[in-house]
Amino acid sequence: MKGMKLKKLSRPKKIKYILLITIIYFVFAYTFYYSFKNNKVITNEEFIKFLINNGNSNINDNEKLPIVINKTINYVMKIDFTKPETLFNQSIIGYSDTDSDDTEDLEKLKQISSYISDPYQIDIEKPIIYIYNSHQLENYNSENLSIYGITPNVLMASYLLKEKLNSKGIPTIVEDMNMTEFLDLNGWDYAASYKASRIFMLDKQNTYDSLKYYIDIHRDSVGRETSTIKINGKNYARILFVIGLEHSNYEKNLKVIAEINQLFNEYYPGLSRGIYKKEGPNVNGIYNQDISPNVMLIEVGGVDNTIEEVMNTINAISDILVKYVGDNH
């Protein structure tokens with residue numbers, strides 16, 4: 001082996017290899033893109049199952065793809081197989097949904113968002129928590145997802161939270177009746193959403209004497225700079241608690257929310273934007289919080305947040321609720 005030297009590539013050959021690698025990359029990328037683009041059978045329910053079963057928080061080390069392969073693909077194509085949401089990265093698909101959202105225009109929301117049925121309908125005999133959405137169609141960022149028929153919205157977030165809480169030993173149910181359909185059947189406009197959700201709340205209260213907590217999940221209309229925070233290297237959709245002051249027992253609701261908000265400040269500093277107290281003309285002012293001191297209205301993220309960011313926040317909310325319920329149940 002004496003005097004053996006590696007042969008250096010000439011400049012033209014270097015260029016050839018670079019071009020070959022570039023061609024291979026684009027062929028793979030566009031093959032990947034068109035295979036997804038032509039797949040129109042993905043449903044919201046299937047996507048929720050995918051997130052629940054394959055989300056990065058649910059993948060054990062022994063189930064992950066070989067680390068070298070994953071890191072290589074992540075570096076080249078910005079895909080991380082331990083975070084399935086990155087499969088829909090804009091750098092691969094190049095799709096942008098520029099539709100804006102108006103939470104006060106139900107007809108417009110119907111065009112952007114859609115009702116999602118519960119993909120995991122199981123009987124919970126003695127639920128402690130009841131999750132519902134007075135505004136079921138409030139949507140999240142659907143960039144790169146809507147071409148597959150996927151519409152992230154607050155109802156999807158509710159199902160994810162329900163699964164998290166049940167997996168942690170907190171019996172939880174979600175209101176899966178189609179609220180928009182119920183409004184239409186009664187000839188009510190969007191402003192009657194809290195009247196509609198109140199009917200379902202009272203029905204669940206009468207059905208389950210074990211219920212103690214009621215959580216109405218919304219999403220805010222604020223921009224990304226307000227609705228997003230990075231904690232320990234991960235982006236979260238920030239939360240905001242809303243309290244109506246136009247009923248006689250609001251102090252009890254405020255006490256509960258203040259205690260939960262303090263836990264967020266302690267364990268997830270900056271995730272909560274605080275407590276927004278509402279009263280006066282052109283606001284609901286009650287939000288069904290007169291039904292129980294444990295009724296909470298939580299704005300989870302904003303219109304620009306991705307489902308991955310919402311998932312991170314759902315994990316945080318489940319952590320805090322487990323702690324709070326465990327200390328008070």
Side-chain angles (χ1 to χ4, degrees), residues 44-45 48-49 52 114-138 153-188 190-218 241-244 247-250 252-253 255-257 259-260 284-300 314 317-318 320-329:
N44 285 297
E45 293 80 9
I48 295 172
K49 288 183 178 180
I52 291 170
S114 61
Y115 170 79
I116 304 172
S117 60
D118 188 351
Y120 288 109
Q121 294 185 7
I122 58 173
D123 292 329
I124 304 293
E125 291 185 3
K126 293 187 177 297
I128 296 173
I129 295 178
Y130 168 60
I131 303 172
Y132 63 103
N133 309 96
S134 293
H135 298 152
Q136 286 180 335
L137 299 188
E138 289 181 331
N153 58 26
V154 293
L155 189 51
M156 182 181 288
S158 294
Y159 293 143
L160 293 171
L161 180 57
K162 179 199 73 170
E163 293 301 316
K164 281 291 178 184
L165 289 170
N166 280 317
S167 70
K168 294 180 178 182
I170 304 295
T172 303
I173 58 174
V174 168
E175 183 55 67
D176 61 354
M177 293 295 290
N178 190 326
M179 201 71 70
T180 304
E181 189 177 82
F182 185 76
L183 289 173
D184 290 341
L185 286 173
N186 286 279
W188 296 345
Y190 197 52
S193 295
Y194 290 102
K195 180 167 69 171
S197 61
R198 186 182 188 89
I199 292 172
F200 293 114
M201 286 178 68
L202 292 173
D203 176 66
K204 292 300 185 294
Q205 189 179 59
N206 291 329
T207 304
Y208 302 101
D209 58 7
S210 57
L211 279 178
K212 189 173 181 181
Y213 301 96
Y214 306 79
I215 304 174
D216 190 1
I217 293 182
H218 293 250
F241 294 100
V242 177
I243 289 287
H247 66 97
S248 59
N249 294 318
Y250 78 86
K252 294 180 180 179
N253 298 87
K255 180 178 182 295
V256 171
I257 291 302
E259 291 172 355
I260 294 175
N284 182 278
I286 299 177
Y287 307 107
N288 296 324
Q289 292 166 356
D290 58 324
I291 291 176
S292 165
N294 297 321
V295 178
M296 315 170 201
L297 194 161
I298 310 177
E299 303 269 8
V300 178
I314 290 300
I317 293 174
S318 67
I320 296 302
L321 287 176
V322 167
K323 181 169 181 57
Y324 182 81
V325 171
D327 291 343
N328 292 274
H329 183 63

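Since we're looking at a predicted model, the values are computed, not measured. If you read the sequence from its start, that first residue is 1, and numbering goes on from there.
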side-chain contact (heavy atoms from CB on, under 4.5 Å) assessment of Asn249 paired with Asp290 | CA-CA 7 Å; Asn249 294 318; Asp290 58 324; over 6 Å; no
If you round to the nearest 0.5 Å, how far is CE of Met179 from OG of Ser134?
-> 6.0 Å
Asn133 (side chain) donor-acceptor with Ile217 (main chain) under 3.5 angstrom | yes
With a 4.5 Å heavy-atom cut-off, do Val154 and Val300 have their side chains touching?
-> no
CG of Asp123 to CD1 of Ile173: how many Å apart, nearest 0.5 Å?
-> 10.5 Å
For the residue pair Met156 and Asn153, establish whether any side-chain heavy-atom pair is separated by less than 4.5 Å.
-> yes
Straight-line distance of Leu211 CG to Lys204 NZ, nearest 0.5 Å = 9.0 Å
Any idea which heavy atoms bring Leu137 and Ser114 closest together, and the distance?
-> CD2-C, 3.5 Å
OH/Tyr324 to CD1/Ile317 distance, rounded to the nearest 0.5 angstrom?
-> 15.5 Å
Taking atom types as modelled and ignoring hydrogens, do the side chains of Asp216 and Ser197 form a donor-acceptor contact shorter than 3.5 angstrom?
-> no
Where the side chain of Asn253 meets the backbone of Ser292, is there a donor-acceptor pair that is under 3.5 Å apart?
-> yes
Sidechain-backbone polar pair: Lys195 side chain, Trp188 backbone, donor-acceptor under 3.5 Å = no
Judged by modelled atom types alone, do Glu175 and Tyr130 share a side-chain donor-acceptor pair under 3.5 Å?
-> yes
With side chains defined as the heavy atoms from C-beta onward, is the minimum distance between Thr172 and Ile124 less than 4.5 Å?
-> no
Can you tell me how far the NZ atom of Lys162 sits from the CD1 atom of Ile122, to the nearest 0.5 Å?
-> 5.5 Å
Do any N or O atoms from the side chain of Asp203 and from the backbone of Ile199 form a donor-acceptor pair under 3.5 angstrom?
-> no
Answer yes or no: is there a side-chain heavy-atom contact under 4.5 Å between Phe241 and Ile260?
-> yes
Give a yes or no on whether Lys168 atom NZ has more than 12 heavy-atom contacts from other residues, nucleotides or ligands under 6.0 Å away.
-> yes
With no hydrogens and no angle check, is any side-chain donor or acceptor of Glu299 less than 3.5 Å from a backbone partner on Val242?
-> no
Lys252, NZ: over 12 other non-hydrogen atoms inside 6.0 angstrom = no
Would Ser117 and Asp176 satisfy side-chain contact (heavy atoms from CB on, under 4.5 Å), going step by step from the backbone distance to the final call?
-> CA-CA 6 Å; Ser117 60; Asp176 61 354; over 6 Å; no
For Lys212 and Asn328, indicate whether the former's side chain and the latter's backbone hold a donor-acceptor pair under 3.5 Å.
-> yes
Could you check if a side-chain atom of Leu321 sits within less than 4.5 angstrom of a side-chain atom of Lys164, using non-hydrogen atoms only?
-> no
Shortest non-hydrogen contact between Leu183 and Ala196, atoms and distance = CD2-CB, 3.9 Å
If the plane angle is over 60° it's perpendicular, under 30° parallel, otherwise tilted; pick one for His135 and His218.
-> perpendicular
Where the side chain of Ser210 meets the backbone of Pro127, is there a donor-acceptor pair that is under 3.5 Å apart?
-> yes
Can you check whether Tyr120 and Tyr159 have ring centres sitting under 6.0 Å from each other?
-> no
Can you tell me how far CE of Met296 sits from CD1 of Ile129, rounded to the nearest 0.5 angstrom?
-> 7.0 Å
Qualifying residue for ring pair (Phe, Tyr, Trp, His ring centres under 6.0 Å) with Phe182, from Tyr115, Tyr132, Phe200 = Phe200
Between Lys49 and Glu45, does a salt bridge (charged side-chain N to carboxylate O under 4.0 Å, His left out) hold up when you go through it step by step?
-> CA-CA 6 Å; Lys49 288 183 178 180; Glu45 293 80 9; over 6 Å; no
Just by modelled atom types, is the Ile116 backbone N or O under 3.5 Å from a matching donor or acceptor in the Gln136 side chain?
-> no
Side chain to side chain, Lys126 and Pro171, heavy atoms closer than 4.5 Å | no
Verify side-chain contact (heavy atoms from CB on, under 4.5 Å) between Ser318 and Leu161, making sure each step is shown before the conclusion.
-> CA-CA 7 Å; Ser318 67; Leu161 180 57; 4.0 Å; yes
